[in-house]
J.: 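What follows is a single structure, and I will ask about it in a moment.
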2 protein chains.
Amino acid sequence: MATRNPQQTRERLLQTAFAQMHAHGFQGMRVDEVLKLSGLQKGAFYHHFNSKADLGYAVLEEQIKPMVESVWLAPFANIDDPVQALLDRLDNLGEDIPPAMREHGCPLNNLAQEMSKLDEGFRVRIATLFRHWVEAFAAMFEKGKQKGFIRPDVDSQAVSRFVIAALEGCIGVYKVEQAVEQWFACRSQLAVYLSTLRPNNG
Amino acid sequence: MATRNPQQTRERLLQTAFAQMHAHGFQGMRVDEVLKLSGLQKGAFYHHFNSKADLGYAVLEEQIKPMVESVWLAPFANIDDPVQALLDRLDNLGEDIPPAMREHGCPLNNLAQEMSKLDEGFRVRIATLFRHWVEAFAAMFEKGKQKGFIRPDVDSQAVSRFVIAALEGCIGVYKVEQAVEQWFACRSQLAVYLSTLRPNNG
DNA sequence: ATTGATACAAACCAACCAGTCTGTTTTATC
DNA sequence: GATAAAACAGACTGGTTGGTTTGTATCAAT
């Protein structure tokens, strides 16, 4: 019959689970529903994963992590002006990301808010991912200093932490109303904040 | 036997449910567990509430709403300098709120992120609450203008929206690690942003 | 070709969970 | 004090859920 492809089976489970977790949360995701949508059976699931939590961890590391990196890390890898790059990212975010992202917000932060206090396995993985993000942004601001786009006395680490937190907050609040004023407000005020990091803002 | 007190019974259900929702989310909250912790039975529950969702709405409006108002609206009702008041609030937040708030973050935003895309009943109630908050902060900034603490050209509405979003983001990210650096970073950078709203920041 | 491991299908299970139903006690009203 | 409504207690139900078990077809190695 149809030739087997374990890797593809596993990947299909991961992708379906990712979509379900994004839409309903980890607790709201149903294993049966993932199976139904994947066209698979229990045997396939528990062959590739030990438990629902195991699947959740895999989704986090193999789906969410790459997506966060592609949206928030990779685009900033080779830029000189952090302020400009961040504002560009905000302006293009709507078109660059899949519809599910606009609909349900950041999958990393969603999972963080839901699960970090309920499951230590999730918490440590999420915390690690956030740390990478913080370090990447901090490095970006440090490079911005060298290139003369950022004031030398700026605390790159603190700025990085705040920018990430503010971004997640903006995405999260926007999700509730989907109101353009909310997004424009965040974009404009983030621009105000970021401009304070420039050398010649006096 | 013990004299009946319907209002108190209802209140006990609400308080227990609030704690459970705050800790496990609405979906994670179990009616049976709320009953057990309240020392009540199914009869009591479905006499006071029509369904689990009905209880969730009541918790939102009768527990979460007053708490948000007491923490984020009332303290700013009679102040002149929004920047100072907001930074004071941040500095005293740790001591002013119950331990469960430090542990699990803002119950309004938690519920917003979990349920706003899953249940329209929750979404509209949460959106309404956020709007009140936005309007209150916007009014605060307007008053700040009149008193000379805020630049006249500031977009109060936009600032209000961004400050709330940033606050929720900071609280949410902090929840994952409980790291003091994260909180200090948000506090210091929020101060940087807020100082741009002052008249004499050039 | 045989064999053992891999990759599933599919029936099955026990616990769980929101909600119902029946009955009983308390309370308010007259 | 009779009566009806309100405020519960507690057993029960039917569907759901994560997980198990058994069986079977495919695949890789010899």
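Letters A, B, ... mirror the listed sequences (proteins, then strands); counts begin at 1. Worth knowing before you read on, the calculation uses all heavy atoms, side chains too, and leaves out hydrogens, waters and symmetry mates.
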J.: Expressed as a whole number of angstroms, how long is the span from Asp54(A):CG to dG19(D):C1'?
T.: 13 Å
J.: So, is Thr3(A) near the phosphate of dC27(D), with a side-chain N or O under 4.0 Å from OP1 or OP2?
T.: yes
J.: Using only side-chain N and O atoms of Arg30(B), determine if any of them is under 4.0 Å from OP1 or OP2 of dC17(C).
T.: yes
J.: Expressed as a whole number of angstroms, how long is the span from Phe45(B):CZ to dC21(C):C1'?
T.: 17 Å
J.: According to the interplanar angle, ranging from 0 to 90°, do the rings of Trp133(B) and Phe130(B) count as parallel (below 30°), tilted (30 to 60°) or perpendicular (above 60°)?
T.: parallel
J.: If you measure from the Lys or Arg side-chain nitrogens to the Asp or Glu carboxylate oxygens, is any gap between Asp32(A) and Arg30(A) under 4.0 Å?
T.: no
J.: Expressed as a whole number of angstroms, how long is the span from Gln20(B):CD to dA18(C):P?
T.: 11 Å
J.: Any side-chain N or O of His47(A) less than 4.0 Å from the OP1 or OP2 oxygen of dT6(C)?
T.: no
J.: dA18(C), OP1 or OP2 - any side-chain N/O from Lys52(B) closer than 4.0 Å?
T.: yes
J.: Give a yes/no on whether any side-chain N or O of His48(A) is located under 4.0 angstrom from OP1 or OP2 of dT6(C).
T.: no
J.: To the nearest Å, how far apart are Lys36(A) NZ and dT17(D) P?
T.: 10 Å
J.: Whole angstrom is fine here: how far is it from NZ in Lys42(B) over to P in dC16(C)?
T.: 13 Å
J.: Looking only at side-chain N and O atoms, does Gln41(A) come under 4.0 Å of OP1 or OP2 in dC8(C)?
T.: no
J.: Please check the phosphate of dC8(D) (OP1 and OP2 only) for any side-chain N or O of Thr9(B) closer than 4.0 Å.
T.: yes
J.: Judged by each residue's nearest nucleotide on DNA chain D, which is more toward the 5′ side, Gln27(A) or Gly43(A)?
T.: Gln27(A)
J.: Could you please name the option among dA7(C), dA7(D), dG19(C) that lies closest to any side-chain atom of Tyr46(B)?
T.: dG19(C)
J.: Return the orientation label for the Phe18(B) and His22(B) ring planes: parallel under 30°, perpendicular over 60°, tilted otherwise.
T.: parallel
J.: Regarding Asp91(A) and Arg187(A), does a basic nitrogen lie under 4.0 Å from an acidic carboxylate oxygen?
T.: yes
J.: Check the distance between dG19(D)'s P and Asn50(A)'s CG and give it to me in whole angstrom.
T.: 10 Å
J.: Expressed in angstrom and rounded to an integer, what is the separation of Asp32(B) atom CG from dT17(D) atom C1'?
T.: 15 Å
J.: What heavy-atom pair brings Tyr57(A) and Gly121(A) nearest, and what distance separates the two atoms?
T.: OH-CA, 3.4 Å
J.: Please compare Pro6(A) and Met29(B) by the position of their nearest nucleotide in DNA chain C and report the one closer to 5'.
T.: Pro6(A)
J.: Take atom CG of Leu35(B) and atom C1' of dC16(C), then tell me their distance rounded to the nearest Å.
T.: 15 Å
